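Just so you know, these numbers come straight off a predicted model, no measurement behind them. Per chain, numbering begins at 1; letters A, B, ... match sequence-line order.
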Number of protein chains: 2
Amino acid sequence: MALEHAILVSLEERAGSGYELARRFDRSFGFFWAASHQQIYRTLKRMVERDWVTVTDVAQEGRPDKKVYRVTDGGRAELSRWLAEPTEPVTVRSELAVKIRGASLGDSGVVIEEIARHRSHHAERLGVYRMIEKRDFADPDSLRGQRLHQYLVLRGGIRAEQGQLDWCDELLDALHRDRARGKADTEG
Amino acid sequence: MALEHAILVSLEERAGSGYELARRFDRSFGFFWAASHQQIYRTLKRMVERDWVTVTDVAQEGRPDKKVYRVTDGGRAELSRWLAEPTEPVTVRSELAVKIRGASLGDSGVVIEEIARHRSHHAERLGVYRMIEKRDFADPDSLRGQRLHQYLVLRGGIRAEQGQLDWCDELLDALHRDRARGKADTEG
DNA sequence: AGTTGCTATGCGCCTAGTTGCATAGTAACT
DNA sequence: AGTTACTATGCAACTAGGCGCATAGCAACT
């Protein structure tokens, strides 16, 4: 699993608390890896036990104390080990695809509505990603190192959302035409 | 979760045993939903308890007896209910993306090798899907109903694999150029 | 007689992840 | 004084899924 490793990467870039990590996972890191705060706190606890990170209590003004986590040498070693280890390519697991296969057996109208809902979702995500691309990475050819890597991950998100969006359009077009033909058959 | 619903859809199209379902999930259904035989047997057992399917022992010649599962009215009702229920769009969860972000902190060479490995994987899957598309769906405009839905799901698989492949190419190109620039800096 | 391979079913343990709930300080608004 | 919102942490129970292992009939080959 990669949540631990995603946390190691994030903490290497900048030390922080569980709460801060959760916010990072909501934003840039969450482009490709969602994690709830419960998961993050539990994982951090385990990582402390394994000596991959250390924790320091930090008093704050005007807000509750926080625990700042920092990567140890052991954590860096684990990250190197994991980077060199092959991982399985993602298996696509699409509930929407199951629903499309099920459309023959039920009301295809509700499936079409569902696809439209997914289309909106992906269009919105894509809009956010495109905005970030334009705002933060105006000159991609000049990027290097960490900044380049951030850009490339964003590109992956853009490609994934664009792909889903295009598929939704293909689905809606084909299913609408199929319905129209079915109606013509009944009437004619 | 959709494994139960994927099984319902598959069994509605044709009744079968756990073993047969496992093979279907290895083939067409597995384009978008992988499931091990252990998972399928366990899920079928639960589905019998819920009266979504019935089971009949069938003696066979030259091979072990099998248990054939059939969808009940209750199962069909559940499938309808689920089809109408909104599902969350898939959150992309890419270990490869985590590794790219980690490349700044470790050996970018091993990350490039990993991307190349993923590229091969996606190229191979895409090849299989394209072959099926050409062989089984030569005239997509004429498709209707169940056959159309099968084709549309395959199209989703093609789009997903093509997207991953293109991203891998973009990654390899950018990371190679970044390395070459770094080398030029050291030498110059 | 032994091995390999396909068909066929299933259990037990573990990890990862989700859901719901609980606590608590501070600030700003009503 | 009460509500809402943000910061900050965490547990308990549950579900899904993966990994390893076990059993067993039959066929074909060695």
Is there a side-chain polar atom (N or O) of [X] under 4.0 Å from OP1 or OP2 of [N]?
| X | N | value |
| --- | --- | --- |
| A:Lys45 | D:dT9 | no |
| B:Arg42 | C:dG12 | no |
| B:Arg23 | C:dC6 | no |
| A:Lys67 | D:dG10 | yes |
| A:Tyr41 | D:dG10 | no |

Distance check, rounded to the nearest 0.5 Å: A:Leu8 atom CG versus A:Leu3 atom CG?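 Result: 9.5 Å between the selected atoms.
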Between CZ on residue B:Arg155 and OH on residue B:Tyr151, distance to nearest 0.5 Å: 4.5 Å
A:Tyr69 OH - D:dT9 P separation (whole Å): 7 Å
Which residues in residues 47-64 of chain A have a heavy atom closer than 4.0 Å to any atom of DNA chain D? A:Gln60, A:Arg63, A:Pro64
Check every strand shown and say whether B:Gln39 touches a base, only sugar-phosphate, or nothing at a heavy-atom separation below 4.0 Å. sugar-phosphate
B:Glu113: partners by salt bridge (Lys or Arg N to Asp or Glu O under 4.0 Å), with sequence neighbours left out: none
Do A:Val68 and A:Leu21 land in one hydrophobic cluster if side-chain heavy atoms of ILVMFWY residues count as linked below 4.5 Å?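 No, it is not one cluster - the side chains of A:Val68 and A:Leu21 are not joined through contacts under 4.5 Å.
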